[in-house]
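A, B, ... follow the sequence lines: proteins, then strands. Residue 1 opens every chain.
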Amino acid sequence: MDAVFALVDCENFYVSCERVFDPSLRDVPMVVLSNNDGCIIARSAAVKDAGVPMGAPYFQWAETLDAMGTAVRSSNYALYGDMSRRVMTELEAEALRLERYSIDEAFLTLPALAPDALRRQARRIQRRVRRRQGVPIRVGIGPTKTLAKVADERAKGHDGRYVCPTGDALAAVLRTLPVGEVWGIGPAYSSLLAEHGVTTAEGLRQCPDAWLRKHLTVVGLRVATELRGTPCLELEDAPAPRKSMIRSRSFSGRLYALGDLREAVATHAQRAAEKLRAEELVAGRLGVFVTTKKFGDPPHYSNAAGAPLRPATNQTPTLLDVAGTLLRAVYRDGPAYKKAGVRLQALRPEGTGQGHLFREDTDEDEALMAAVDRLNREMGRGTVGFAAAGVAGRRDWTMKREMRSPHYTTRWADLPEARA
DNA sequence: TCTGGGGTCCTAGGACCC
DNA sequence: TCTGGGGTCCTAGGACCC
């Protein structure tokens, strides 16, 4: 059966999640902040209308937002992750196939019905998610993923649903779409295209293949081909195995001493190792990076180093050891460090690939890790840890998250109460 | 004073091998 | 003075995404 793509996008997702559980937020402008309460990463309609851009630093807009009576929340990823799963379950019931594209977006395939029937189906999906989970969504439908994305953009002015037209009507739509708003065309490709006189999606569609291939790599060629209506990107309903994992945080203040950075890096390494074991993976490579702030006056300093792990492992002591060595290699005395992190790469499932002739993880190692994980799972994160990561409570580099909402759906103590 | 975090894919170039 | 050619693997860096 012929199928079309639909992109479903949750409107102002984090804001919408907060509003589901706190009705007093529904009629006021609202934003949700990134970690460290640094950037604005979700905005209600009123805040968007006021011209506050996505990703803007909060401190630059705090006064404006306050004057509007804006409610402000720190991000609560436990809540958003759980709400995302609920929404995806609803969408699954309405789709032929579904790909979870991000926490707040999914690609669906739908039977290739006439446009009117597709619009009705889009409306049904919107109502279902709204009624059962309280989250408003938009639905954009087209013959390729990229055109479904275009349709999703257009849906903003059309009750949150839009079916991509064909022929001249499509060309007319694409002529009004700035090329930088096309999925896959970022700032660098945008300005490169502009230098060659291409400023709209329609212009991109008409670029010669060879030129695209040369200047925008196969990525750009695929985008253009998809805009022409020929699918290049499949629906990925089986999630691809993860290839890398990053754990990092900005510090709420600045750090100078190697000892402080060592605690931060060790904490990230420890968390990454736990996550690795939870997903039954081992890492074949470990990287450590440090950086000073990105903005303001130079000098800035950032550095990174990596090393292979032989054999690939998920054992905390090994990762702490290697991370410590790499940190000494990237650390310089002097810079005001703002961020540090750990990256695990070359991930593969436990028990696959080559072992190591002289250094196998022993049963005792694995038993120890299993015991640590169980204690932390059952008694709360941080119950047992490694000394290298420092002692919770006396760390002075942990992040700021001063306005977080309760864990409504994932912690018993935070469950909302209903009163008659 | 205050600017997030976590991913993927593609390409070029070096190391290494025969 | 003369100094091959082709293949694979790995890594770093750039670009993009939400």
Pick the C1' atom in B/dG4 and in C/dC17, then give their distance to the nearest Å. 15 Å
Looking at A/Glu274 and A/Arg277, is there a salt bridge between them, counting it only when a charged N and a carboxylate O are closer than 4.0 Å? no
Between P on C/dA15 and CZ on A/Arg222, what's the gap in Å once rounded to a whole number? 17 Å
Side chains of A/Ser405 and A/Glu18 only: does a donor on one sit below 3.5 Å from an acceptor on the other? yes
Do any side-chain nitrogens or oxygens of A/Lys149 fall under 4.0 Å of OP1 or OP2 in C/dC18? yes
Residue pair A/Tyr80 / A/Asp82, side-chain donor-acceptor N/O under 3.5 Å: no
Whole angstrom is fine here: how far is it from CZ in A/Arg100 over to P in C/dC18? 18 Å
Contacts satisfying salt bridge (Lys or Arg N to Asp or Glu O under 4.0 Å) that involve residues 134-143 of chain A (not counting sequence neighbours) are A/Asp9-A/Arg138, A/Glu11-A/Arg138, A/Arg138-A/Asp152
Contact class for A/Leu216 (heavy atom, under 4.0 Å): base, sugar-phosphate, or nothing? nothing
Under 4.0 Å, counting only non-hydrogen atoms across every strand here, what does A/Val182 touch: a base, just sugar-phosphate, or nothing? sugar-phosphate
Would you call A/Arg73 and A/Asp22 a salt bridge, using N to O less than 4.0 angstrom? yes
Atom CZ of A/Phe59 and atom C1' of B/dG4 are separated, to the nearest Å, by 14 Å
Within the pair A/Ser250 and B/dG5, is there a side-chain N or O less than 4.0 Å away from OP1 or OP2? yes
Would you tell me if any nitrogen or oxygen in the side chain of A/Arg254 comes within less than 4.0 Å of OP1 or OP2 on B/dC2? yes
Pair A/Asp209 + A/Arg228: basic N to acidic O under 4.0 Å: yes
Sort out the partner of B/dC17 for me: Watson-Crick or G-U wobble, both distances under 3.5 Å, none otherwise. C/dG6
DNA chain B nearest-nucleotide lookup for A/Lys275 and A/Ala56: closer to the 5′ end is A/Ala56
With a 4.0 Å cutoff (strictly under), does any side-chain N or O of A/Arg247 reach OP1 or OP2 of B/dG6? yes
Where each residue is assigned the nucleotide of DNA chain B containing its nearest heavy atom, which of A/Pro241 and A/Arg213 is assigned the position nearer the 5′ end? A/Pro241
So, A/Glu279 and A/Lys275, do they make that salt bridge, N to O below 4.0 Å? yes
Check every strand shown and say whether A/Tyr101 touches a base, only sugar-phosphate, or nothing at a heavy-atom separation below 4.0 Å. sugar-phosphate
State whether A/Lys293 places a side-chain N or O below 4.0 Å from either non-bridging phosphate oxygen (OP1 or OP2) of B/dT1. no
In whole angstrom, what separates A/Asn36's CG from B/dT3's C1'? 10 Å
Reckon A/Ser248 has a side-chain N or O less than 4.0 Å from the OP1 or OP2 of B/dG6? yes
Looking only at the side chain of A/Pro57 (C-beta and beyond, no hydrogens), which of the listed nucleotides C/dC18, B/dT3, B/dG6 gets closest? B/dT3
Side chain of A/Ser34 only, please: which of B/dG4, B/dT3, C/dC18 is the nearest? B/dG4
Output yes when at least one side-chain N/O atom of A/Lys339 is less than 4.0 Å from OP1 or OP2 of B/dG5, else no. yes
Proximal nucleotide (of B/dC2, B/dT3, C/dC18) relative to the A/Cys39 side chain: B/dT3
Separation of atom NZ in A/Lys145 from atom C1' in C/dC18, rounded to whole Å: 14 Å
Length of the line joining A/Arg271:CZ and B/dG6:P, which is rounded to integer Å: 10 Å
Is any NZ, NE, NH1 or NH2 atom of the basic residue among A/Lys149 and A/Glu226 found under 4.0 Å from an Asp or Glu carboxylate oxygen of the other? no
Using a 3.5 Å cut-off and no angle test, enumerate the donor-acceptor pairs between side-chain atoms of residues 179-194 of chain A and protein atoms at least two apart in sequence or in another chain.
from     : atom 1 : to       : atom 2 : distance (Å)
A/Trp183 : NE1    : A/Tyr101 : OH     : 3.2
A/Ser190 : OG     : A/Gly186 : O      : 3.4
A/Ser191 : OG     : A/Pro187 : O      : 3.3
A/Ser191 : OG     : A/Ala188 : O      : 3.3

Within the 4.0 Å limit for protein heavy atoms, which parts of nucleotides 7-12 of chain C are touched? Write it as a string from 5' to 3', B for base, S for sugar-phosphate only, - for none. ----SS
Rounded to whole angstrom units, what separation is found between the CD atom of A/Glu105 and the P atom of B/dG6? 19 Å
In whole angstroms, the gap separating P of B/dC2 from NZ of A/Lys338 amounts to 6 Å
